[in-house]
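Okay, structure first, notes after.
Note that this is a predicted model, so its numbers are computed, not measured.
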Amino acid sequence: MKPRPGGARAAKPARPPTLSILVLSGPNLQLLGTREPEIYGRETLADVHARLEARGAELGARVTARQSNHEGELCDWIGGARGERDAMLLNAAAYTHTSLALFDAIKAVALPCVEVHISNPEAREAFRQSSRIAPACVAKVSGFGVESYVLALEGIVRWLRARASLKTGKR
Ligand code: DQA
């Protein structure tokens with residue numbers, strides 16, 4: 001690629017959105033940026049959502065990102081995704097370790113879901129080392145800071161496109 005004047009990198013052209021991805025974050029993640037920054041970093045959830053929307057636009061995926069402190073509301077959003085979205089990214093936060101309701105909700109909609117964590121729960125306290133939702137998910141990305149969300153988005157877009165090309169036989 002030819003370098004642009006001033007050394008600025010060309011923004012990747014947006015692809016028309018062909019995929020729709022729901023990104024959900026659970027309790028206390030509205031506090032990102034100030035919550036235990038040594039674990040969760042300094043970026044706010046609004047920063048993360050903006051990055052996901054921008055990366056989604058480059059990849060041809062419309063991203064809708066929401067946060068709730070309430071298990072039932074997260075279940076409502078997952079339930080509403082059936083037939084509306086192609087996949088979900090879910091950082092269920094503390095509900096990861098406790099919520100049968102979220103496990104059931106993911107199973108019920110039968111949409112591919114990626115479990116996301118900013119930290120690496122397996123390397124933390126014992127109570128974080130089991131996930132109730134993992135068996136309902138196709139993949140997990142954790143430990144990369146807020147980059148985990150972006151990596152999960154890139155991964156699920158590739159996963160969805162690979163699945164589609166397997167079905168059509170087209171590459
Ligand atoms: C978290 C890890 C969980 O154990 C914790 O309860 C959170 C955040 C993460 O993103 O690293 O709230 O999901």
Side-chain angles (χ1 to χ4, degrees), residues 12 14-15 17-33 35 39-41 43-122 128 130-164:
K12 291 219 180 93
R15 294 166 61 152
T18 53
L19 297 172
S20 176
I21 312 289
L22 180 64
V23 180
L24 298 179
S25 295
N28 304 310
L29 290 168
Q30 83 281 13
L31 300 175
L32 270 190
R35 173 190 182 195
I39 298 174
Y40 298 112
E43 278 184 77
T44 66
L45 193 60
D47 295 333
V48 177
H49 288 178
R51 281 179 56 187
L52 287 168
E53 282 162 23
R55 186 67 186 123
E58 290 174 352
L59 296 170
R62 187 179 311 109
V63 170
T64 305
R66 299 189 176 134
Q67 185 276 336
S68 178
N69 291 327
H70 305 280
E71 191 176 19
E73 189 162 43
L74 293 165
C75 288
D76 288 344
W77 288 337
I78 294 169
R82 183 171 209 151
E84 300 294 318
R85 312 281 176 189
D86 296 293
M88 305 179 288
L89 311 184
L90 175 60
N91 184 349
Y95 290 139
T96 304
H97 316 297
T98 61
S99 181
L100 293 177
L102 285 174
F103 170 88
D104 280 349
I106 300 164
K107 290 296 250 189
V109 295
L111 283 176
C113 181
V114 181
E115 179 178 343
V116 177
H117 299 285
I118 299 164
S119 67
N120 178 7
E122 272 80 16
R128 294 185 205 279
S130 74
S131 167
R132 290 282 197 188
I133 64 168
C137 292
V138 296
K140 166 152 52 174
V141 181
S142 62
F144 292 106
V146 294
E147 211 61 41
S148 293
Y149 283 94
V150 180
L151 293 169
L153 177 64
E154 293 171 352
I156 199 65
V157 166
R158 288 169 75 152
W159 189 97
L160 288 165
R161 295 219 162 104
R163 187 180 66 174

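Considering only heavy atoms from C-beta on, L29 stays 4.5 Å or farther from V48 through its side chain. Within the 4.5 Å cutoff, the side chain of H70 has no heavy atoms near those of the D76 side chain. Considering only heavy atoms from C-beta on, L52 comes within 4.5 Å of V150 through its side chain. Residues R128 and S119 are not in side-chain contact: their nearest non-hydrogen atoms beyond the backbone lie 4.5 Å or more apart. You'll find the side chain of I156 reaches within 4.5 Å of the side chain of V138, heavy atoms only. Counting only heavy atoms from C-beta outward, the side chains of L32 and E43 never approach each other to under 4.5 Å. No side-chain heavy atom of V116 sits less than 4.5 Å from a side-chain heavy atom of S142.
Of all heavy-atom pairs between A81 and L111, the closest is O-CD1, 3.5 Å. Pairing each heavy atom of L160 with each of A87, the nearest pair is CD1-CB, 3.9 Å. The minimum heavy-atom distance linking A93 with G26 is given by the pair CB-C, 4.0 Å. When all heavy atoms of C75 and L102 are compared, the closest pair comes out as SG-CD2, 3.9 Å. In terms of heavy atoms, P135 sits closest to K107 at O-NZ, 4.3 Å. For the pair C137 and V114, the tightest heavy-atom approach, listed with the atom from each and the gap, is SG-C, 4.4 Å.
With values rounded to the nearest 0.5 angstrom, D86 atom CG is found 10.5 Å from W159 atom CH2. Here OG of S131 is found 10.0 Å from CZ of F103. Values are rounded to the nearest 0.5 Å. If you take OG1 on T18 and CG on L59, they are separated by 9.5 Å, rounding to the nearest 0.5 Å. Taking CD1 of I133 as the reference point, atom CG of L90 lies at 4.5 Å (rounded to 0.5 Å).
With sequence neighbours left out, the side chain to side chain donor-acceptor pair (under 3.5 Å) criterion links R66 to no other residue. With sequence neighbours left out, E53 forms a side chain to side chain donor-acceptor pair (under 3.5 Å) with no residue at all.
By the 6.0 Å and 45° rule, R35 stacks over the aromatic ring of Y40.
Here side chain to side chain donor-acceptor pair (under 3.5 Å) pairs that include residues 19-31, with residues two or more places apart or in two chains, are S20-R85, S25-Y149, Q30-Q67. For residues 93-105, every residue pair satisfying the side chain to side chain donor-acceptor pair (under 3.5 Å) rule, not counting sequence neighbours, is listed here: E71-S99. Sorted by first and then second residue, the salt bridge (charged side-chain N to carboxylate O under 4.0 Å, His left out) pairs involving residues 22-32 (not counting sequence neighbours) form an empty list. Evaluation of the salt bridge (charged side-chain N to carboxylate O under 4.0 Å, His left out) test over residues 134-154, restricted to residues two or more places apart or in two chains, returns R51-E147, R55-E154, E115-K140, E122-K140.
Checking V23, L24, I118 one by one against N91, the side-chain contact (heavy atoms from CB on, under 4.5 Å) holds for a single residue, I118.
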Next item on the list: May I have the step-by-step check of side-chain contact (heavy atoms from CB on, under 4.5 Å) for E84 and L22, ending in yes or no?
Entry: CA-CA 9 Å; E84 300 294 318; L22 180 64; over 6 Å; no
